[in-house]
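In what follows, chains carry the letters A, B, and so on, assigned in the order in which the sequence lines appear, proteins first and then strands, with residues in each chain numbered from 1. The structure displayed is predicted, hence computed values, not measured ones.
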There are 2 protein chains.
Amino acid sequence: MDFSALLTSAGINIAFCALFLSLYSVLRKQPHNFGVYFGRRLAEEKFRQQVDYFSFERLLPTAGWIVKAYWCTEEEIRRVAGLDSVVFLRLFIFSIRIFSITSLVCIFGVLPVNYHGKEKAHSHIPAESLNVFTIANIREGSRMLWVHCVALYVITVSACILLYYEYKYISRKRLAHITGSTPNPAHFSVLVRSIPKSDNELLDDTIRNFFVNYHGSSYLSHKMIYRKGNMQKFVDNAERAYRNFVKVKLSAFGQSRRSNVSRCGLCGVRASSFQLYRNKFIDKKKSDLSDPDVIEAQKDCPGAIVFFKTRYAAIVASKILPSSNPMLWVTDLAPEPRDVYWSNLWIPYRQIWLRKLAVLAASVGFMFVFIVPVAFVQSMMQVDQLQQMFPFLRGVLKKSIFVRVITGYLPSVVLLLSQYTVPPLMMFFSSIEGSISRSSRKRSACCKVLFFTIWNVFFVNVLSGSVINQLNVLTKPKDMPSMLAELVPKQATFFITYVLTSGWASLCSEILQVYNLIYNFFRKCVCCYWDEPEYVYSFPYHYVVPKVLLFNLLGFTFSILAPLILPFLLVYFCLGYLVYRNQILNVYYPKYEMGGKLWPVMHNGLVFALVLTQIIALGVFTIKHSPVATGFTILLLIGTILFNEYCRHRFARIFDSFSAQDLIELDRDDEQSGRMEEIHQHLLDAYSQASNINGSKSSKNGEGPSKWFWTIRRKKHRIQTKNSLTR
Amino acid sequence: MDFSALLTSAGINIAFCALFLSLYSVLRKQPHNFGVYFGRRLAEEKFRQQVDYFSFERLLPTAGWIVKAYWCTEEEIRRVAGLDSVVFLRLFIFSIRIFSITSLVCIFGVLPVNYHGKEKAHSHIPAESLNVFTIANIREGSRMLWVHCVALYVITVSACILLYYEYKYISRKRLAHITGSTPNPAHFSVLVRSIPKSDNELLDDTIRNFFVNYHGSSYLSHKMIYRKGNMQKFVDNAERAYRNFVKVKLSAFGQSRRSNVSRCGLCGVRASSFQLYRNKFIDKKKSDLSDPDVIEAQKDCPGAIVFFKTRYAAIVASKILPSSNPMLWVTDLAPEPRDVYWSNLWIPYRQIWLRKLAVLAASVGFMFVFIVPVAFVQSMMQVDQLQQMFPFLRGVLKKSIFVRVITGYLPSVVLLLSQYTVPPLMMFFSSIEGSISRSSRKRSACCKVLFFTIWNVFFVNVLSGSVINQLNVLTKPKDMPSMLAELVPKQATFFITYVLTSGWASLCSEILQVYNLIYNFFRKCVCCYWDEPEYVYSFPYHYVVPKVLLFNLLGFTFSILAPLILPFLLVYFCLGYLVYRNQILNVYYPKYEMGGKLWPVMHNGLVFALVLTQIIALGVFTIKHSPVATGFTILLLIGTILFNEYCRHRFARIFDSFSAQDLIELDRDDEQSGRMEEIHQHLLDAYSQASNINGSKSSKNGEGPSKWFWTIRRKKHRIQTKNSLTR
């Protein structure tokens with residue numbers, strides 16, 4: 001591929017991007033698309049008041065949304081979309097900062113050195129092969145390699161400094177989030193599983209006796225979790241039928257949307273009366289131990305949520321081994337009510353370690369099976385191989401424009417499409433793993449997709465392009481650096497086009513919400529359902545974060561090898577920052593809060609990218625016979641690993657747990673202000689299994705027993721915690 | 001090496017063993033050796049009453065000690081030598097059991113199959129090469145490989161069953177030990193390091209304020225740890241001089257040994273008055289913040305020991321993150337007073353992660369440097385290579401008896417001698433790592449020596465025997481199983497002689513205590529110091545446990561490859577069991593208690609041995625073209641890994657921590673019996689830095705402020721915990 005093919009590819013993409021963004025700015029103004037483009041704001045019902053008049057302006061592409069997205073403050077984003085969105089946007093800010101520095105250093109320092117690496121007559125730049133701009137153009141034993149070494153130092157040191165400050169900033173944000181937010185029922189509750197069953201005692205009594213005995217002063221109450229029995233399934237079905245009925249009625253009478261879940265349209269009975277009925281049913285059932293039904297119900301109980309009087313008592317109960325058998329009375333801090341993954345709570349605790357191992361094996365297996373499509377894509381890069389495989393294409397491939405499109409564009413589109421299967425599959429894997437909360441399921445899926453992406457996009461593409469039997473490479477870890485050093489620069493072309501297609505195009509597809517747009521069109525125009533769809537999506541961290549981290553990895557590894565990739569990446573990060581800000585503000589509704597726990601994952605991904613860059617650089621310097629640069633790179637590698645260890649010791653525990661100091665202060669504050677009584681009264685209602693089974697569907701309206709917790713706001717923000725961190 | 005050379009080697013060793021054991025049974029009866037052979041019993045001063053008369057019987061070798069060692073009950077061993085000794089002896093019991101089964105299966109099942117593997121005329125057995133008895137004698141594609149596969153299944157399944165019951169048995173013992181022992185000051189105390197220093201507050205007040213504020217109801221008191229200043233060094237020197245003076249005086253007046261540490265001979269002042277003086281000195285010093293000396297003393301304080309009113313409060317304080325900065329207020333459950341490693345407490349906490357990394361790097365580095373002597377030893381196995389290296393040996397090497405001794409005996413003696421440097425070095429590494437207790441230092445050293453032993457004795461010997469550049473092998477993990485399968489049987493000869501020399505001989509040297517015997521001889525007969533030496537050794541788990549685990553590894557890996565090794569191993573384990581029982585009862589004095597925490601290390605070592613055996617078997621079956629056996633072995637491998645995971649989930653946390661249930665029960669028990677007050681009063685005295693700095697020297701006498709804790713015995717043994725475990 002030569003420089004002009006790259007420009008063709010870039011041109012196509014810029015045109016597409018401009019087109020899509022204009023299209024977006026028009027489509028978003030059409031009222032019947034509000035459900036697609038303003039899902040979050042519709043869910044919060046602030047947007048409804050707009051009058052639906054037609055104006056010519058609605059058909060003009062404008063850039064107002066960019067301005068709005070850019071000027072929104074971080075505090076505002078945190079308020080409307082939670083801490084996780086802020087953390088995710090910090091990743092973009094970090095990327096923009098570090099790649100500005102990297103671009104500066106590499107475009108003006110490394111690129112000219114690469115270009116003039118071999119003394120030969122340079123032809124006209126557009127006709128140059130892209131290889132001329134890579135490190136492959138430097139001759140062996142060249143003295144100019146010190147430029148690359150210095151560039152590597154500058155990049156690593158600035159990345160580490162930026163990473164440190166980001167970690168510090170985000171931990172401070174997390175602590176402020178914990179201490180400054182409204183009282184959270186999750187902080188008072190402990191999930192207990194694997195409760196030992198006794199023949200002469202009701203399970204309910206067993207739990208009460210245990211906690212009264214060992215946590216007597218702080219135990220408040222508890223709530224059993226019941227597996228869905230047949231009767232409950234019947235009630236659920238009745239409830240669903242009733243809801244549909246109410247919905248039809250309401251849409252017929254044109255009443256406000258708001259009331260159709262919380263109030264029964266005709267008879268005035270609350271929807272939650274079904275739940276009360278079920279609770280009564282259960283209460284009646286478990287009165288007597290001689291009743292076989294009661295014994296059956298006992299068997300079905302996988303655990304309980306135990307409430308404590310203070311936050312500190314809850315964390316103590318969750319962290320200290322409760323009994324001398326670690327497989328009994330397993331305690332964990334309960335997830336937030338809206339975050340509980342109820343169907344996984346019914347998994348017997350004894351199965352969970354086995355499930356985790358099985359999922360690990362399945363994920364690794366899938367990673368290796370997926371090599372097949374990737375290798376196929378790589379083979380498309382070689383035109384002659386393509387001609388051999390599909391002889392009927394021979395005529396088409398003679399025209400150079402087609403060749404350019406096929407070699408520069410099509411492979412990564414194929415790769416992109418085949419990768420759409422991965423995130424849902426990994427999400428499924430994480431579900432059967434037995435996570436107790438939706439947020440931990442998403443975090444686990446995020447890690448899996450990250451491993452998958454780095455392996456299948458980066459490694460397999462790098463290795464399969466030139467080596468026939470890729471798996472052979474795995475068996476020689478010692479040769480890895482020099483092999484990578486030889487192969488990575490060769491794949492620069494592919495990855496530049498990958499950034500253009502997978503990166504830029506995915507941003508366009510993200511902002512246009514193609515799938516939802518089409519669905520909405522068919523729903524409204526073809527099927528004539530004119531009300532807004534009930535379902536609002538939560539932010540898909542599990543496939544967006546790995547993608548952004550992959551682009552960081554590409555940026556770091558190619559920075560000194562093939563700096564031409566950097567401007568395209570920088571454009572991606574800037575555009576992505578705006579696009580995702582817009583989407584977070586308008587489209588996605590935060591259904592649960594991870595409290596910034598994704599940052600350690602991102603941090604580790606970024607440090608891995610740095611280390612990989614250094615390993616490849618090590619290989620390059622060895623191949624190019626530059627022992628001094630090799631030595632300095634080894635020093636840098638050790639330094640980076642030490643930096644990561646330090647960060648782990650300094651910050652990681654903040655993201656794992658809460659500190660005694662913070663929790664005790666919060667408890668005292670609530671006790672002194674007399675709010676504690678009120679919190680205790682509302683605790684029992686907070687975790688309602690019935691209303692949360694369909695939580696993902698109904699949470700849009702923010703209704704439910706835990707609503708109270710989200711409406712009282714803590715006035716006093718705690719500065720103390722911040723101080724302790726800045727020390 | 002042929003069968004007769006093996007018999008020669010075995011003969012030499014059996015003769016030596018018989019000689020040494022007889023010598024031991026004579027030497028132990030000589031009163032001037034009591035210090036060497038009855039250190040523990042002397043330390044407990046029960047042995048002194050024996051009348052020192054001469055009889056002819058003293059010169060006759062007898063086997064009474066074997067009978068005594070054999071008939072001692074486990075409970076008795078636990079009482080006199082602690083739980084760790086019991087756990088260590090359980091390792092021998094496990095080894096004897098599993099290798100009885102293995103020997104049975106392999107000698108009668110596998111060995112005949114190997115011997116008749118290739119259809120050829122067998123010569124007279126003593127002249128047969130040892131290779132005839134290994135799996136190398138089976139031809140490719142042989143149908144008899146199912147015998148090996150079945151044997152592997154029998155060995156693995158019985159090992160897993162035995163391991164499970166051992167783990168269960170030992171966890172029950174550990175729980176009974178925790179709940180049944182005397183009140184332990186360590187359970188009430190938390191070690192706090194990295195205390196934030198403030199300019200306008202004394203450190204003492206900072207600590208008090210923090211704990212009164214956040215653990216007000218359970219905080220009892222605290223004690224600062226001071227680094228040795230110049231003044232303290234002076235006091236220490238004075239104390240040492242005084243002690244020597246007292247000792248000379250006492251030995252001159254012939255007073256009882258007992259009083260020379262606890263009482264000042266002439267003036268009747270207790271030795272601990274020095275300590276009181278020092279404490280006063282410190283108290284006086286820190287009265288004023290404006291005093292520069294006080295500020296200096298503050299800087300020198302690396303932490304404090306905080307005492308709580310209940311055990312439960314202490315464990316809560318140690319497990320919950322105290323402040324939102326994980327690098328400040330670092331809390332750990334304090335080690336037992338006699339177990340505290342004071343000099344490491346003075347290491348700033350911020351250094352510790354760096355030290356750990358550095359030690360890890362140093363240990364790995366040392367492991368690779370050590371390949372050199374091992375490779376040299378291996379080269380001695382080839383007589384012709386030896387002749388090339390040392391031409392003057394040519395005459396000697398022509399005589400076959402010398403060749404037999406050199407090839408069969410000398411290499412492992414050289415290996416044995418060079419390995420004496422490793423345990424002290426690893427102990428040194430573990431010291432600079434920053435362990436806060438002596439027991440954790442020893443455990444860490446044990447793990448290091450274990451890795452070292454398995455790598456340098458097993459892997460390097462297997463690989464270097466045939467491959468010139470051993471490190472090349474490391475770079476091809478995929479070829480590892482088949483390479484091991486090819487090389488391991490070839491090294492059978494070497495490892496059989498290794499068991500004979502390193503194994504049997506080390507037992508003889510252990511029971512004879514050669515070094516101490518010579519030292520004692522010179523001390524008493526040459527230097528004429530007739531009193532018993534003050535120093536008693538604690539049991540050297542850090543090099544005995546890895547050695548026993550190595551022999552287990554050898555037994556498992558060679559079981560189906562070269563079953564001839566098994567009888568020698570079985571003898572080793574039986575003899576070792578008796579020898580170490582005797583040594584534990586008579587020689588070693590338990591200076592601290594690890595509470596059985598070594599068992600998880602042993603368990604992991606044994607499971608690793610099983611997995612390695614299966615990997616090698618996988619390679620063997622692949623080489624011998626037996627796909628069915630390969631498939632079954634993969635199943636077995638997966639099963640073993642699952643078994644290990646299950647054990648980890650079921651038992652590991654018991655060895656890491658205490659359970660709330662147990663601690664609360666203990667607290668209640670003490671409170672109801674009114675003993676709690678008494679315990680609180682003695683807590684402050686328990687941790688005395690001054691008396692424990694030289695703790696390793698003076699602990700022989702069991703004197704010290706914590707003595708009280710070791711003299712009151714808990715009468716009521718708790719059965720409840722046992723029940724919870726057997727559920």
Output the distance between atom [atom1] ([X]) and atom [atom2] ([Y]), rounded to the nearest 0.5 Å.
| X | Y | atom1 | atom2 | answer |
| --- | --- | --- | --- | --- |
| A/R650 | B/R350 | CZ | CZ | 7.5 Å |
| B/S657 | A/L321 | OG | CG | 5.5 Å |
| A/S324 | B/R653 | OG | CZ | 12.0 Å |
| A/I320 | B/I320 | CD1 | CD1 | 5.0 Å |

Sort out for me which of [options] touches chain B most, counting heavy-atom pairs under 4.5 Å.
| options | result |
| --- | --- |
| A/H215, A/R174, A/R648, A/E645 | A/E645 |
| A/A317, A/A660, A/A652 | A/A660 |
| A/I315, A/I641, A/L642 | A/L642 |

Those residues that, when tested against B/F210, pass ring-ring contact (aromatic ring centres under 6.0 Å, His included) (two or more places apart): B/Y214, B/W329
Please examine the side chains of A/P326 and B/I654, heavy atoms only from C-beta on, and report whether any two atoms are closer than 4.5 Å.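 A side-chain contact exists here, since the closest heavy-atom pair is under 4.5 Å.
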Contact between B/F651 and A/M327 at the side-chain level, heavy atoms closer than 4.5 Å - yes or no?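 No, too far: nothing below the 4.5 Å cut-off.
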So which residues of residues 351-363 of chain A are in contact with chain B at a heavy-atom cut-off of under 4.5 Å? A/W353, A/L354, A/L357
Select one option (side chain, backbone, both, neither) describing which atoms of B/I664 are under 4.5 Å from chain A's heavy atoms. side chain
Say whether A/R668 and B/N213, considering side chains only, have a donor N or O and an acceptor N or O under 3.5 Å apart. yes
Under 4.5 Å from a heavy atom of chain B, the part of A/Y312 involved: side chain
